[in-house]
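See structure below.
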Amino acid sequence: MSEENAVDRRKLLRRAGTVAAGVGAAGVASAIAASPASAAAGEALVQGSNETAGVANSINSTASSTLTLSNSGSGAPLTLPAKAWPSGLADGSIVFDSGQGLNYAWGGNGSQAAVYDSSWVPIVVPTPPLRVLVTFTSPAQMGLASGYSMSGGKINPKNSATVPDMLVDLSWALDPATDLSGTAVQFNLTAFSAAAGWVAAWDEGPWPSNSNINTPGNNTAIANFCQVAVGSDGKIRFKMNRPTALIIDILGFVAWPGNFTTGDAAAKAPAAAQKVTKTLAGIRNSAKLPRR
């Protein structure tokens with residue numbers, strides 16, 4: 001075929017694609033049944049045809065509907081190669097960043113946001129109820145707590161906005177060597193104090209001025225369900241403004257399967273937590289659940 005005839009043939013294909021653009025994908029497929037052609041470098045590929053594209057070619061759709069890319073037969077799938085995030089991307093651009101994470105551009109200025117699939121989504125994992133903290137029994141059950149002082153069965157506040165009054169270590173269940181962002185623990189918090197006050201729980205850093213439960217005073221016990229993010233060290237922090245007695249009953253975790261500890265790390269679990277540890281290890285090792 002001469003170069004002149006090849007050019008004319010591409011023009012005919014483009015014209016056919018333009019005519020078929022408004023009749024939907026089925027119309028395009030039936031309207032164009034030509035053998036493969038090659039678009040000129042830098043020009044748009046012909047809608048509905050098989051073409052060999054170069055690195056400068058683009059795909060345009062004159063239809064207002066969503067453009068769909070698919071393969072027929074045993075053709076190779078569309079592949080996005082790893083590439084550092086470039087500057088100046090238009091909204092909707094999709095590219096792998098240097099860490100192999102899929103990202104898209106948004107906000108009109110090339111702002112970067114991650115694209116998450118189901119393997120990134122934390123799951124709620126209910127566990128057998130596990131009492132990990134009781135301050136007012138004799139002896140007190142404080143196996144997971146540290147960094148506290150106590151008198152009369154109550155945790156004493158340290159009167160510091162930057163230092164937690166007590167830490168609870170959950171690294172027997174969650175592995176700090178993994179990315180714990182997005183993980184949380186679910187528990188029932190029971191508290192009482194002689195004077196009205198509050199108890200706050202959070203992940204890490206200075207106390208964020210929150211509260212999880214307000215105690216009415218007169219040593220009247222009150223309980224509340226809490227979901228608290230876990231710090232990157234696998235711990236949660238507590239603060240109170242009155243000497244306060246506490247009970248913590250863990251009910252579950254919010255995490256992805258790879259966050260849960262196994263093997264030697266799980267051996268740090270208190271004896272009462274072995275059933276919980278076994279549950280979490282089974283979830284982590286399940287081949288049916290997604291991995292990040």
Does [X] use its side chain to pair, donor to acceptor, with the backbone of [Y] at less than 3.5 Å?
X    : Y    : answer
N219 : A194 : yes
T137 : P139 : yes
N210 : A201 : yes
T244 : I155 : no

For [X], what are the other residues in its hydrophobic cluster, where any two members join if their side-chain heavy atoms are less than 4.5 angstrom apart?
X    : result
F225 : L251
W202 : W198, W207
V134 : F136, F192, I247

Q | Atom pair CG (D91) and OG (S111), whose distance is rounded to the nearest 0.5 Å | A |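 Here the interatomic distance stands at 8.0 Å.
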Q) About how many Å separate CG of L130 and CZ of F187, when rounded to the nearest 0.5 Å? A)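 Answer rounded to 0.5 Å: 13.0 Å.
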(Q) Quick test of your reading: applying salt bridge (Lys or Arg N to Asp or Glu O under 4.0 Å), list the pairs with at least one residue in residues 211-234, sequence neighbours left out, ordered by first then second residue. (A)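 Only D233-R237 qualify under salt bridge (Lys or Arg N to Asp or Glu O under 4.0 Å).
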Contacts table for residues 159-167: side-chain donor-acceptor under 3.5 angstrom, sequence neighbours left out:
{"residue": "S160", "atom": "OG", "partner": "T162", "partner atom": "N", "Å": "3.3"}
{"residue": "S160", "atom": "OG", "partner": "T162", "partner atom": "OG1", "Å": "3.2"}
{"residue": "S160", "atom": "OG", "partner": "V163", "partner atom": "N", "Å": "3.3"}
{"residue": "D165", "atom": "OD1", "partner": "K158", "partner atom": "N", "Å": "2.7"}
{"residue": "D165", "atom": "OD1", "partner": "K239", "partner atom": "NZ", "Å": "3.4"}
{"residue": "D165", "atom": "OD2", "partner": "M240", "partner atom": "N", "Å": "2.9"}

Q: Sort and list the pairs that fulfil side chain to side chain donor-acceptor pair (under 3.5 Å) and have at least one residue in residues 182-197, not counting sequence neighbours.
A: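 For residues 182-197, and leaving out neighbouring residues, the side chain to side chain donor-acceptor pair (under 3.5 Å) pairs sorted by first residue read Q186-Q227, S193-T215.
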